[in-house]
Amino acid sequence: MAEQTNPPVARRTPLKEAITIIDGLPCALPGQETVALEACAGRISAIAIQPRHPVSHERRALADGYALAGLQTVGASPYNPLSFRLLGSAAPGAPFPGSLAPDSAVRIAMGATLPRGADAVLPPEAAQPFGDRIDVFDATGPGAWTDTGTAHRPGSDVPPFPAQRQLRAFDLALLAAQGLTELAVQRAPRVRILVLSTQPGIMGAGPGSPTPRIDASSPMIRALIARDGGVVEDCLRLDGDATTVQAELRRPGAELILTIGGTGMGFNDRTIALVKESGSVLFHGVSMRPGESVAAASLPVAPAILLPGDPVAAAGAYECLAARLVRRLAGRMADWPLPLRRARLVRKVSSALGVSDWCRVRFLDAESVEPLPLSGPPSLVHLAQADGFLLIPPDSEGHAPDSLVDIHAYA
């Protein structure tokens with residue numbers, strides 16, 4: 001490996017064009033699996049789900065309180081309390097055995113079956129108990145705080161969950177209430193990571209000792225893959241072993257292959273040349289900072305994104321390009337999932353025309369951000385300090401101080 005083996009970059013592809021190429025890659029969904037309900041948050045539903053209200057011939061209390069006939073409370077107020085006789089209590093699994101007489105009530109716990117003669121639950125704060133009686137200070141109506149009453153309120157109809165819906169924690173509560181314990185979800189796409197180069201450790205070494213080589217990129221890329229809905233099928237440190245690299249590029253089992261390192265023009269950079277022997281390179285070199293040596297390829301077994309070896313450049317290339325493909329394979333929207341926050345730049349940020357800049361920023365307060373350096377050697381410290389980023393388009397020379405910009409916040 002004494003000579004440069006990657007072919008020279010003939011043309012740097014504009015970032016917008018590279019995104020179009022990435023978004024045009026075929027994304028065969030990787031099938032489905034059945035998962036316990038509690039593990040479904042963030043997963044994509046594989047089939048449409050039609051929740052239904054529980055079918056029961058008995059009304060249940062949706063809150064603690066007093067079960068009574070709602071119409072008998074008409075006219076109750078703090079100035080005109082109505083007296084009801086307490087006959088007993090009802091709890092889940094221990095219903096009140098009798099029927100309510102006029103102007104009577106039963107203490108009831110949430111989830112219990114309403115006794116015969118009751119059609120509403122009065123909240124505890126609407127009554128004052130006195131021994132075996134309560135004084136009611138507020139009126140209620142039939143169906144109040146029962147599953148019958150809430151099922152027909154405007155907005156309470158349960159819509160179907162379509163296939164390809166990203167399930168939220170609140171969805172799981174509703175589905176659990178329907179008695180579901182597991183769901184069919186889309187299987188997460190498997191991503192293979194091939195680490196083809198490492199970096200010097202930033203802590204240095206002892207006198208006379210070589211600086212240790214560290215794989216700083218793959219832990220970060222693993223976390224980003226998980227954020228975007230994928231799972232790591234394998235993560236291999238190959239350090240340019242051509243035979244093993246070729247075998248891993250041709251081995252089935254992953255929906256996406258990410259390589260890290262060897263995409264530049266150094267004398268020992270050879271990832272592009274190796275990939276060309278196994279498939280076709282769609283582009284090599286993108287007009288962006290950092291991450292300009294990123295490439296994409298179509299392999300017989302899966303698409304591949306070839307990330308630069310520097311961790312900061314790998315982060316920029318992943319966020320702008322590879323993340324879109326992972327999210328699409330996971331059944332999600334390709335665009336960034338991070339919320340936009342409008343903030344004021346505290347100082348100028350300069351950008352070169354013709355280049356898309358992935359500009360990391362640090363929040364100084366809820367409304368102000370400081371741009372972190374774009375030029376100069378890439379800094380892992382600045383990457384770790386970033387609270388979000390903005391993307392500066394190639395037709396812009398940057399932003400002046402006090403400009404309002406849209407930030408993709410990390411939290």
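The first residue of the sequence shown is numbered 1, and numbering continues consecutively from there. Remember, predicted model here, so these are calculated numbers, not experimental data. Values below: all heavy atoms of this structure, side chains included; hydrogens, waters and symmetry mates excluded.
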Sidechain-backbone polar pair: Gln186 side chain, Leu329 backbone, donor-acceptor under 3.5 Å: yes
Nearest-0.5 Å distance, OG of residue Ser403 to CG of residue Leu345: 6.0 Å
Reported CG-to-OG distance for the pair Asp395 and Ser351, which is rounded to 0.5 angstrom: 9.5 Å
Polar side chain donor-acceptor pair, Thr20 to Asp23, under 3.5 angstrom: no
Minimal non-hydrogen separation, Pro308 against Thr263, with atom names: CA-OG1, 3.4 Å
Salt bridge present between Arg190 and Asp234 (N-O < 4.0 angstrom): no
Within-4.5 Å side-chain heavy-atom neighbours: Thr259 and Leu307: no
Side-chain heavy atoms of His399 within contact of Leu404, under 4.5 Å: no
Nearest-0.5 Å distance that lies between atom CD1 in Ile407 and atom CG in Asp387: 10.0 Å
From CA spacing to verdict: side chain to side chain contact (heavy atoms under 4.5 Å, CB included), Leu68, Phe84: CA-CA 9 Å; Leu68 41 66; Phe84 285 71; 4.3 Å; yes
Closest contact, heavy atoms only, Ala18 versus Val286: CB-CG2, 4.0 Å
Expected output: side-chain Asp64 to main-chain Ala109 donor-acceptor under 3.5 Å: no
Aromatic ring pairing Phe389/His408, orientation class (parallel under 30°, perpendicular over 60°, tilted between): parallel
Pairwise distance CG(Leu175) to CG(Leu167) - rounded to 0.5 angstrom: 7.0 Å
Validation row: Leu183, Ser45 side chains within 4.5 angstrom (heavy atoms): no
Residue pair Phe363 / Glu370, side-chain heavy-atom distance below 4.5 Å: no
Atom pair CD (Gln72) and CG (Leu100), whose distance is rounded to the nearest 0.5 Å: 8.5 Å
Heavy-atom closest pair, residues Gly117 and Ala69: O-CB, 3.8 Å
Any side-chain donor near an acceptor of the partner, Arg12 and Ser287, under 3.5 Å: no
Residue among Cys359, Pro371, Ser350 satisfying side chain to side chain contact (heavy atoms under 4.5 Å, CB included) with Ile392: Cys359
Salt-bridge criterion met for Asp147 and Arg60 (N-O under 4.0 Å): yes
Between CG on residue Leu391 and SG on residue Cys320, distance to nearest 0.5 Å: 5.0 Å
More than 12 heavy atoms of other groups within 6.0 Å of Phe130 CZ: yes
Cationic N near anionic O, under 4.0 Å, Glu33 to Arg43: yes
Heavy-atom neighbours of Gln128 CD exceed 12 at 6.0 Å: yes
Val369 side chain reached by Val346 side chain, heavy atoms, under 4.5 Å: no
Trp145 vs Met110 side-chain heavy atoms within contact, under 4.5 Å: no
Evaluation steps, salt bridge (charged side-chain N to carboxylate O under 4.0 Å, His left out), between Glu17 and Arg11: CA-CA 12 Å; Glu17 182 181 331; Arg11 168 184 176 266; 2.8 Å; yes
Derivation and outcome, side chain to side chain contact (heavy atoms under 4.5 Å, CB included), residues Val195 and Leu236: CA-CA 6 Å; Val195 183; Leu236 302 172; over 6 Å; no
Evaluation steps, side chain to side chain contact (heavy atoms under 4.5 Å, CB included), between Leu374 and Arg360: CA-CA 8 Å; Leu374 277 173; Arg360 283 81 64 212; 4.2 Å; yes
Side-chain (Ser368) to main-chain (Asp365) donor-acceptor, under 3.5 angstrom: no
Check: Leu238 and Glu248 side chains under 4.5 Å, non-hydrogen atoms: yes
Carboxylate-amine/guanidinium contact Glu367 Arg344, below 4.0 Å: no
Test salt bridge (charged side-chain N to carboxylate O under 4.0 Å, His left out) applied to Arg192 and Glu233, step by step: CA-CA 5 Å; Arg192 184 177 306 151; Glu233 177 251 12; 2.9 Å; yes
Non-hydrogen atoms of Ala67 and Ile108 that approach each other most closely: N-CG2, 3.9 Å
Short side-chain to backbone donor-acceptor contact, Thr271 and Gly261, under 3.5 Å: yes
Residues Arg165, Asp171; criterion salt bridge (charged side-chain N to carboxylate O under 4.0 Å, His left out); working and verdict: CA-CA 10 Å; Arg165 174 187 174 93; Asp171 300 334; 3.0 Å; yes
Ionic contact status for Asp335 with Arg324, cut-off 4.0 Å: yes
Minimal non-hydrogen separation, Ser217 against Pro311, with atom names: OG-CA, 3.4 Å
Ile225 side chain near Val231 side chain, heavy-atom distance below 4.5 Å: no
Derivation and outcome, side chain to side chain contact (heavy atoms under 4.5 Å, CB included), residues Val136 and Tyr66: CA-CA 10 Å; Val136 175; Tyr66 300 98; over 6 Å; no
Side-chain donor-acceptor contact under 3.5 Å, Gln246 with Ser278: yes
Backbone N/O of Gly70 and side chain of Thr73: donor-acceptor pair under 3.5 Å: yes
Taking every non-hydrogen atom, the tightest pair across Leu172 and Cys40: CD2-CB, 3.9 Å
Arg227/Glu319 under salt bridge (charged side-chain N to carboxylate O under 4.0 Å, His left out): CA gap, chis, key distance, verdict: CA-CA 11 Å; Arg227 178 202 70 185; Glu319 289 286 55; 2.6 Å; yes
N/O donor-acceptor pair under 3.5 Å between Arg328 side chain and Ile22 backbone: yes
Cationic N near anionic O, under 4.0 Å, Arg187 to Glu255: yes
